[in-house]
Structures are given as C-alpha cells and as structure tokens.
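Just so you know, these numbers come straight off a predicted model, no measurement behind them. Proteins get letters first, then strands, A, B, ... in listed order; numbering begins at 1 in each.
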2 protein chains.
Amino acid sequence: MEKTDKDVVLRQFPHLEQALLDELLQQSNLKKVEAGDEVMRTGQYIKYTILLLSGLLKVYREDDEGNEFLIYYLEPGNACAMSMMCSARNEQSQIKAKAVTDAEVILVPSHLSELWLGKYKTWHSFVIASYRQRFEELLQTLDSIAFKALDERLLFYLRRHVKVSGNEVRLSHQQIADELNSSREVISRLLKKLEQTGALTLHRNYLEIHDLEREFGS
Amino acid sequence: MEKTDKDVVLRQFPHLEQALLDELLQQSNLKKVEAGDEVMRTGQYIKYTILLLSGLLKVYREDDEGNEFLIYYLEPGNACAMSMMCSARNEQSQIKAKAVTDAEVILVPSHLSELWLGKYKTWHSFVIASYRQRFEELLQTLDSIAFKALDERLLFYLRRHVKVSGNEVRLSHQQIADELNSSREVISRLLKKLEQTGALTLHRNYLEIHDLEREFGS
DNA sequence: AACTCTTTGTGACATCAGTCACTGAGGCGG
DNA sequence: CCGCCTCAGTGACTGATGTCACAAAGAGTT
C-alpha cells in the first residue's frame, strides 16, 4: 500500500494497535471498487476478510431463485462479519455484498486474519465486537420480517437507509421492492400512503424523506 | 461444584484447556432447570454467559406483543451466543430461552467471561466458534422466513426439531403455530396436507415423522 | 415533434394466511 | 357414566400481498 492510504486506514481503525496496523498495511490489498460493483458474490469462496475504508456497502442474502433482501449496511471502519466467518471456514459465501457508492476496501487474507486473532489483542476484540454488532442488526432484520407487516418493514428499511445516506433516498420503487423481497406495485402503493401522511415526497428516482418517526395510524 | 459434575463438564467441553476448566468449575454456578422453565427472559439484564451441559434449550425472539418464534436450539456443549453478547454489553436480553427437557446449565459471570477472552486461548476460540455457528443458524432462520411460504417454513421447522429430538414430535399444533408465529388452524391444515403425502402421521399431542426430505409438489 | 426507454400509477383479480365460530374427539376426575 | 377440559378439524370470511395488464408521465435521442 502507499503512504497516503496509510492515513486513511489509521483514521478508520483507531482501535487497532500499531504493530497490527503495520502488518495490515504491508500484507493486505487495498482495492477500489465502483458504485454498483459486487464485492462478494453468492457461491464464491471467500479467502479474505473485508474491511471497509470508505464508501458504503450493502450486504444481501440471496436465495436459489435470485431473490434477495438487504441484511445490513457496512460503513467505513466496519468489517464484514460474514466474510470473516466464511473465510474462517473456507466456505462458500451465502451472501452478496455490493458497493452503493464508490468505495475502498482492504482484503485481509484469511490465514492472516486467523493468525492475528491470537497475536493481536486489539484484532481479536475488533472481531468479537464486529460479530456482536452484526448479530444485533441481523436480529433486528429478523424481527422486522417475522413480526411486522410490509408497511412497517418499509419504514424500517427507509429509516435505515436515511441513517447511512441522508434524506434523499435515491432508489426507484423497483429497487426498494427487490431489497424487501416484495413487488414494485405494492411498494408504490405503500409509498403513496406515506406521502399522504406527509412522511415523505415522491419524485422520479428518489424520495425526499421528511419524517419517518411518527406513528402512522391505520 | 461437586465432583460428579466435573466429569460432565469435561465431557461436554473437551476443547477447553485444563486451567480454564478448573476455573470454570470453581467460579461458576451449576444450575438445574426443569422442562418448561425459562432460563432467560426478554427484558432481563443478563449477567451470565450460559453454557449447556445437558438437556435441550430453545432460544426465541419475542416482540412487544408477546409473539414469539424459534431462532434455534441449543444442545449440550453449546453456549448461548446471545447471552454472551448481552452480558458483554450489560444489555437487556432481547431473547428468551426455555428448557425443552430437564437441563443443566453453567452460568459464567460476565466479567469472568470477558476476562477469559484474553486469558485463555481456548475460551476465545470457543466464543468465536459459537458466534459463527449461531450466526449461520440465524441466517438460515432468516432465509426461511424471508423467502419461503409457510408450508416450507413448517418443513424447515420440523426437520430441525427432528434433528434434535427424534421422530416423535411431541408438540401440539398450537405450540408449533406459536413458534412459527402463525395460527393453529393454519398449521393444522398444513400438517394434514403433509399427512396426505405420507410425510408424517398425526396423533393427539404428537406427530410421527416418516420422511420430510422429499419434495412435496403442489 | 416523434420515438423509445424507464419509472410510476392504478384497477382487477388470485392466493395465502389469519380469524371466527362451531363441531367433534380423546382423556381424566368425580 | 357424566361433565369438563384440551386438542384437532372444518367452513366461511377477511385482509394483506403478489400478479397481470395497461396507462401515463418523465427524460433522453434523433
């Protein structure tokens, strides 16, 4: 890696100890990906742990028929817990990660990641913390699917999207439908309802979010 | 703990190093619970990591209205990943664990569990492995809810149940419905359909499973 | 302007799942 | 045997969601 990248790494992962950062900089690959690129594909063998330096990634689950839905977002400073787990077991990825914006990732070869668990206390804490955080998000996602009707799931989805990318939601209805594993028409209707309550304004190719926190009565 | 318990512990957790087992035996509580007891309640503050010595536990997610559904089973030798995570952050439990059969658990106080992560390599590996395993099961559960209709979810549920407790599924339709967050009538109808295909036989208060692996065409 | 592509809106309809109301079957205690 | 309880079966209905068909609107291209 080059010198300028070094600063970026240091800024995003301040909790990692110096010796580890040095090794990270020497032994790992920095990779730039463009918006829309797939960082990880379903069925691929994962040989790296993925650390996100900049940009935004979406992590999906995908089934046999190509249906998908969003599990969570990864922001800079996050590690992809799934890649850690798959790479550790040398297993096929059961998920898919896609760059929402242009992004930079660090690919840490699995054997190093495993080695570091014993070698660097801060790495090991980081891995545990990542697992915990992702576990919780996964549980929340599970909740929303298991207990909530589609209208609430849509709210949950939009809130999460707003949290990572602001009040302009630059998605078509079709994209939203895909990520909720629903259909466009249904999403269109629900969005229209939300517009009527004043929660957002519909535009072509994007939504303008005003307020998603209110309770939207029947 | 007493001497006889010691053997049980050693047998269930052969991967843990001796020094750790010694400390485990000295500092932790062995607790016996009866079938039906709640080992962990939603909203409770978790101060222990739970290790299962014998018996079978069910781990549920529960929402505000008391709806619940099954996330996974814990078998002897397993740790409850949720309890690890909650106790680590001193957070309220977002889940519920119930004993299916009489069971014995070891309660490891959180501060010890955290301490051991640094102190014992085998503990730390064990914790990581537990997270990974649970993560995968959680993903499978998520899949079944997100992509599958109720009939397939029922199959998924029954298969899992058979795996941990054999071909006699001693559950009422109501109980199954609860764990799938559905309703009794619907489950009854689906079970009847499965009976007609020869997959199982219905009895009062239990099901006799013959073969759940076939594809059951429309 | 005419064309074309994508996105969004909308009504009609089908299906799955949940709910309600009721029946009947099995088991248990008096 | 009778009453009572839980569990299971069933038909009718409802509502949410998905599907189909088609219309309309926006935006870029020629």
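The shortest distance between the side-chain N/O atoms of B/H173 and the OP1/OP2 oxygens of D/dG9 is below 4.0 Å. At least one side-chain nitrogen or oxygen of A/S182 sits closer than 4.0 Å to the OP1 or OP2 atom of D/dG18. Checking the phosphate oxygens (OP1, OP2) of C/dT8, no side-chain nitrogen or oxygen of A/K192 falls inside 4.0 Å.
One can place NZ of B/K148 at 16 Å from P of C/dC16, the figure rounded to the nearest angstrom. Atoms CD (A/Q174) and C1' (C/dC5) sit 15 Å apart, rounded to a whole Å. Put simply, CD on A/E185 is 11 Å from P on C/dG9, counting in whole angstrom units. With rounding to whole Å, B/N181 atom CG is found 20 Å from C/dC16 atom P. Whole-Å rounding puts the A/D151 CG to D/dG18 P distance at 12 Å. At whole-Å resolution of the value, CG in A/L207 and C1' in C/dT7 are 12 Å apart. With rounding to whole Å, A/L191 atom CG is found 13 Å from D/dT17 atom P. Atoms CD1 (B/I187) and P (D/dT10) sit 16 Å apart, rounded to a whole Å.
Geometrically, A/R61 does not engage A/F69 in a cation-pi contact defined by less than 6.0 Å to the ring centre and at most 45° from the axis. Relative to the ring axis of B/Y73, B/R160 does not place its NZ or CZ within 45° and under 6.0 Å from the centre.
Contact of A/R184 with C/dT7 (side chain to base): no donor-acceptor pair of N or O atoms is detected under 3.5 Å. Counting atom types as modelled, B/R189 pairs a side-chain N or O with a base atom of D/dG11 as donor and acceptor under 3.5 Å.
A distance-only check finds no donor-acceptor pair linking the side chain of B/E68 to the backbone of B/Y60 [under 3.5 Å].
Residues B/R132 and A/Y131 bring a donor and an acceptor atom of their side chains to less than 3.5 Å of each other.
Distances from the side chain of A/L150 to the nucleotides D/dC7, D/dT17, C/dA17 place D/dT17 closest.
A/S172 comes within contact range of the sugar-phosphate backbone alone, with a heavy-atom separation under 4.0 Å but no base atom that close. Contact annotation for B/L202: backbone-only contact, meaning every heavy-atom pair under 4.0 Å involves sugar-phosphate atoms and none involves a base.
Between B/E62 and B/R41, none of the side-chain N atoms (NZ, or NE/NH1/NH2) sits under 4.0 Å from a carboxylate O, so this pair counts as no salt bridge.
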